[in-house]
Amino acid sequence: MSASSKKKLRKEQGTEKLTQKQLAAQKEASTTRLYTVAFVAVLVLLLVIAIFVGVRQTIKNTGYYEKHTTAMQIGEHTISNAELNYYYIDAVNSFYSNYGSYASMFGLQTSVPLDQQVIDEDTGRTWADDFLDTAKDNIKDTYALADAAAAAGFTLPEEDAAEIDSAMSSLEAYATLYGYSDGQAYLKALYGNGATTEGYRAYNELNALANAYYNYYSDNLTYTDADLRAKESENPDAYASYSYNYYYLAASKFLTGGTTDENGNTTYSDEERAAAEAAVRSAAEELTAQEIDSVEALNAAIADLSINEGSEVSSTESSNVLYSSVNSLYQEWVTDSSRKEGDKQVFESIGTSTDEDGSISEVLNGCYVVYYVGSTDNNVPMVNVRHILIQPTHAEDEAEDAHADGETYSAEELAAAKQSAEDILAQWKSGEATEDSFAELANENSADGDGTTGGLYENVYPGQMVSAFNDWCFDSSRKPGDTGIVETTYGFHVMYFVGNTDLTYRDYQIESELRSEDLEDWHNGLLENVTVIDGSTKYIRTDLVISAS
């Protein structure tokens with residue numbers, strides 16, 4: 001091989017090696033670029049995810065999902081989770097305000113999320129489900145009434161609108177009181193992210209409209225005398241009032257013997273229980289067999305029973321009790337038109353007992369001895385009356401309420417309250433001495449009411465008020481413009497008799513029953529015509545913990 005050929009070969013080989021290095025370098029560089037591109041892509045993806053999560057969280061905090069997710073369709077109305085949440089939270093609040101101290105008796109735990117408290121093992125139903133169903137029923141009812149109001153051209157009364165304005169204006173004060181930046185933040189804390197001041201106002205206006213129209217419809221139902229008499233003929237006794245005394249003899253008082261275990265629990269044999277039942281029947285019959293011609297004689301006979309030796313007991317007085325309120329055990333007997341004063345009867349209260357083998361048997365819980373006093377057909381006019389309540393006070397505590405806390409007062413304190421009542425009556429007599437001037441004094445001085453009603457009680461019926469107040473109102477000699485001072489357990493009442501109403505208490509009851517039945521039929525008809533389609537309620541606060549709400 002010539003020198004020139006070898007030189008050429010070395011050159012080509014060198015070129016080839018250079019090319020391989022370059023290729024290797026290029027390959028490494030290409031791989032690096034791929035890794036770099038992939039890494040950048042991952043970073044970009046992570047950044048996009050982070051931005052999305054951040055935006056999603058921001059949107060979530062604004063209540064976007066609550067306001068734009070359909071929870072229900074009620075007729076033509078689309079209900080968002082935000083709107084349903086108002087009804088849901090208020091259903092919880094309403095239950096707790098009424099039964100809070102007894103919540104555990106219903107099985108409700110205030111420290112556990114509502115959706116974790118199962119109330120029906122078979123279906124898995126929770127307290128959250130129960131409150132949510134209540135909320136759905138309430139919102140359905142509200143829209144049914146609001147739609148009926150709109151169809152009738154009925155609008156929200158001005159006084160209701162004013163009350164809502166007042167409530168909305170106080171939001172900022174509540175927010176400050178509870179440490180929130182503004183009313184909107186306060187509402188979000190109460191009702192969730194979807195709550196707004198505009199939404200809360202709309203919620204209150206809708207409910208106020210529904211309630212106002214319901215009352216308007218009820219107030220405008222009218223009835224003729226023929227309507228009243230037709231209803232009355234169905235059960236004439238249902239509108240009378242009855243007076244009687246009763247005494248309950250518990251079979252447990254007659255139990256003797258028994259076996260007590262190491263834990264202090266006493267059990268009785270069937271023979272011992274049978275003996276107690278026989279003894280309680282005998283004692284009840286002993287009372288009714290005696291010549292008893294008055295309540296006083298009845299109470300004396302009760303005190304003479306061997307089981308009452310050394311104790312002060314007497315019968316319970318039931319005066320002017322409406323038919324519907326008489327114990328069903330002896331309702332038929334008490335309301336029988338042939339009943340006369342002095343009649344007495346024994347009524348057995350029967351219960352049940354579960355035996356060891358699981359069988360259920362009847363047991364005698366005790367006996368009622370009932371003594372009939374009399375009745376009234378309630379064909380008396382109801383009355384309208386005004387009063388000014390002056391309560392006695394202790395010198396060291398002028399806000400003391402004698403009736404509310406069972407406090408007693410000295411003769412001097414009672415005399416001071418009576419003197420105040422007499423001074424107010426004298427002040428009225430020395431002035432214009434009109435009903436309007438009396439109402440002004442009531443607003444200024446009465447411990448009863450909110451200072452806006454002028455001490456007025458309308459449609460007062462016999463037995464509604466405490467005895468002394470009632471007796472003054474229904475004195476047969478009473479006439480419009482009469483005044484006086486009456487002492488009750490509440491204090492001293494400066495009285496002003498406005499007059500009788502045009503309606504007797506009997507007809508008032510009959511009309512009220514008709515109105516209630518017609519109102520219920522109308523209301524149920526509205527609800528039956530409402531179509532409801534369920535949506536998603538995933539944004540309802542089902543995980544609410546009451547004690548932390």
Side-chain angles (χ1 to χ4, degrees), residues 58-98 100 114 128 131-147 149-150 154-215 532 535-546 548-549:
T58 300
I59 293 174
K60 182 179 179 180
N61 291 339
T62 64
Y64 178 87
Y65 299 111
E66 287 87 345
K67 289 181 281 190
H68 292 84
T69 303
T70 299
M72 299 172 69
Q73 188 76 28
I74 300 178
E76 298 179 353
H77 306 284
T78 299
I79 312 301
S80 69
N81 277 245
E83 184 176 1
L84 184 57
N85 240 334
Y86 292 123
Y87 290 86
Y88 174 77
I89 297 299
D90 280 353
V92 176
N93 287 336
S94 177
F95 179 90
Y96 192 68
S97 65
N98 288 324
L114 294 174
F131 285 126
L132 184 55
D133 284 347
T134 298
K136 288 181 176 181
D137 288 341
N138 289 344
I139 199 170
K140 173 186 175 182
D141 185 73
T142 299
Y143 271 100
L145 288 166
D147 286 347
F154 182 86
T155 57
L156 186 65
E158 291 183 3
E159 58 269 24
D160 290 338
E163 286 184 10
I164 293 173
D165 286 341
S166 177
M168 294 301 296
S169 65
S170 65
L171 273 179
E172 298 300 323
Y174 278 110
T176 301
L177 178 64
Y178 292 107
Y180 293 96
S181 58
D182 54 26
Q184 182 102 335
Y186 175 61
L187 286 174
K188 287 179 69 174
L190 289 175
Y191 296 104
N193 286 330
T196 63
T197 52
E198 295 81 6
Y200 187 61
R201 174 182 282 276
Y203 163 69
N204 281 288
E205 288 177 343
L206 189 70
N207 278 275
L209 175 63
N211 289 331
Y213 185 61
Y214 182 90
N215 292 331
V532 177
S536 170
T537 55
K538 64 183 296 185
Y539 296 106
I540 299 299
R541 299 176 64 187
T542 55
D543 60 347
L544 184 72
V545 179
I546 293 178
S549 64

**Q** Under the side chain to side chain contact (heavy atoms under 4.5 Å, CB included) rule, what do Lys136 and Val532 come out as? Steps first, then yes or no, please.
**A** CA-CA 9 Å; Lys136 288 181 176 181; Val532 177; over 6 Å; no
**Q** Test side chain to side chain contact (heavy atoms under 4.5 Å, CB included) on Lys67 and Thr196 and set out the steps.
**A** CA-CA 10 Å; Lys67 289 181 281 190; Thr196 63; 4.1 Å; yes
**Q** Looking only at side-chain N and O atoms, does Tyr87 offer a donor or acceptor that is under 3.5 Å from a partner on Asn207?
**A**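 Yes, side-chain donor-acceptor contact under 3.5 Å.
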**Q** Give a yes or no answer on whether the side chain of Asp141 reaches the backbone of Asp137 with a donor-acceptor pair at less than 3.5 Å.
**A**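 Answer holds: no.
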**Q** Using side-chain heavy atoms (C-beta onward) and a distance below 4.5 Å, is Tyr539 in contact with Leu84?
**A**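 No, their side chains stay 4.5 Å or more apart.
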**Q** If you look at every heavy atom in Leu187 and Ala195, which pair is closest and at what distance?
**A**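 The answer is O-CB, 3.6 Å.
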**Q** Quick one: closest heavy-atom pair of Ala189 and Tyr180, and the distance?
**A**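 For Ala189 and Tyr180, the tightest heavy-atom pair comes out as CB-OH, 3.3 Å.
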**Q** What is the distance from atom CG of Asp182 to atom CG of Leu171, rounded to the nearest 0.5 Å?
**A**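 Spacing of CG (Asp182) from CG (Leu171) equals 9.5 Å.
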**Q** Quick one: does Thr176's side chain get under 4.5 Å of Tyr186's, heavy atoms only?
**A**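 Sidechains of Tyr186 and Thr176: no contact.
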**Q** Could you tell me how the ring of Tyr143 sits relative to the ring of His77: parallel (under 30°), tilted (30 to 60°) or perpendicular (over 60°)?
**A**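 Tyr143 vs His77 ring planes: tilted.
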**Q** What distance separates Glu163 CD from Met168 CE, expressed to the nearest 0.5 Å?
**A**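 Between atom CD of Glu163 and atom CE of Met168 there are 14.5 Å.
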**Q** Return the minimal non-hydrogen interatomic distance between Leu145 and Ala210, and the atom names on each side.
**A**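 Shortest heavy-atom separation between Leu145 and Ala210 comes out as CB-CB, 3.7 Å.
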**Q** Tell me, do Ile139 and Leu206 make a side-chain contact under 4.5 Å, heavy atoms counted?
**A**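 Counting from C-beta outward, Ile139 and Leu206 never come under 4.5 Å.
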**Q** I need the Asn85 CG to Leu544 CG distance, nearest 0.5 Å.
**A**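 Output value for this atom pair is 9.0 Å.
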**Q** Would you indicate whether Phe95, at its atom CZ, is surrounded by more than 12 heavy atoms from other residues, nucleotides or ligands within a distance under 6.0 Å?
**A**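 Buried by this count: over 12 neighbours within 6.0 Å.
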**Q** When you measure from the side chain of Glu66 to the backbone N and O of Asn81, does any donor-acceptor pair fall under 3.5 Å?
**A**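 Such a contact is absent between Glu66 side chain and Asn81 backbone.
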**Q** So, taking the atom named OG in Ser536 and the one named CE in Met72, what distance separates them when rounded to the nearest 0.5 Å?
**A**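 Going from the OG atom of Ser536 to the CE atom of Met72 covers 13.0 Å.
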**Q** Sub-3.5 Å donor-acceptor pair from the side chain of Ser80 to the main-chain atoms of Glu83, do we have one?
**A**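 Here the side-chain-to-backbone pair exists.
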**Q** How close do Lys188 and Asn193 get, counting heavy atoms only, and between which atoms?
**A**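 That would be CE-OD1, 3.6 Å.
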**Q** Minimum heavy-atom separation for Ala128 to Thr542, with atom names?
**A**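 In terms of heavy atoms, the two residues are closest at CB-O, 3.6 Å.
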**Q** Using modelled atom types only, decide if a donor and an acceptor are shared between the side chain of Tyr88 and the backbone of Phe131 within a distance under 3.5 Å.
**A**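 No, the answer is negative, given that no donor and acceptor are paired below the 3.5 Å cut-off.
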**Q** Rounded to the nearest 0.5 Å, what separation is found between the OH atom of Tyr203 and the CG atom of Asp90?
**A**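 Those atoms lie 3.5 Å apart.
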**Q** Give a yes or no on whether Glu159 atom CD has more than 12 heavy-atom contacts from other residues, nucleotides or ligands under 6.0 Å away.
**A**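 Atom CD in Glu159 is crowded, with more than 12 foreign heavy atoms closer than 6.0 Å.
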**Q** Quick check: does any side chain N or O of Ser166 sit under 3.5 Å from a backbone N or O of Ala162, one acting as donor and the other as acceptor?
**A**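 Not a single qualifying donor-acceptor pair exists.
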**Q** Once you round to the nearest 0.5 Å, how far does OG1 of Thr537 lie from CD1 of Ile79?
**A**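 CD1 of Ile79 is found 13.5 Å from OG1 of Thr537.
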**Q** Using only atom types and a distance under 3.5 Å, with no angle test, would you say the side chain of Asn204 pairs donor to acceptor with the backbone of Ile164?
**A**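 Looks like no, no N/O pair under 3.5 Å.
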**Q** Between Ala175 and Gly183, what is the shortest heavy-atom contact and its length?
**A**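 So the two residues come closest at CB-N, 3.8 Å.
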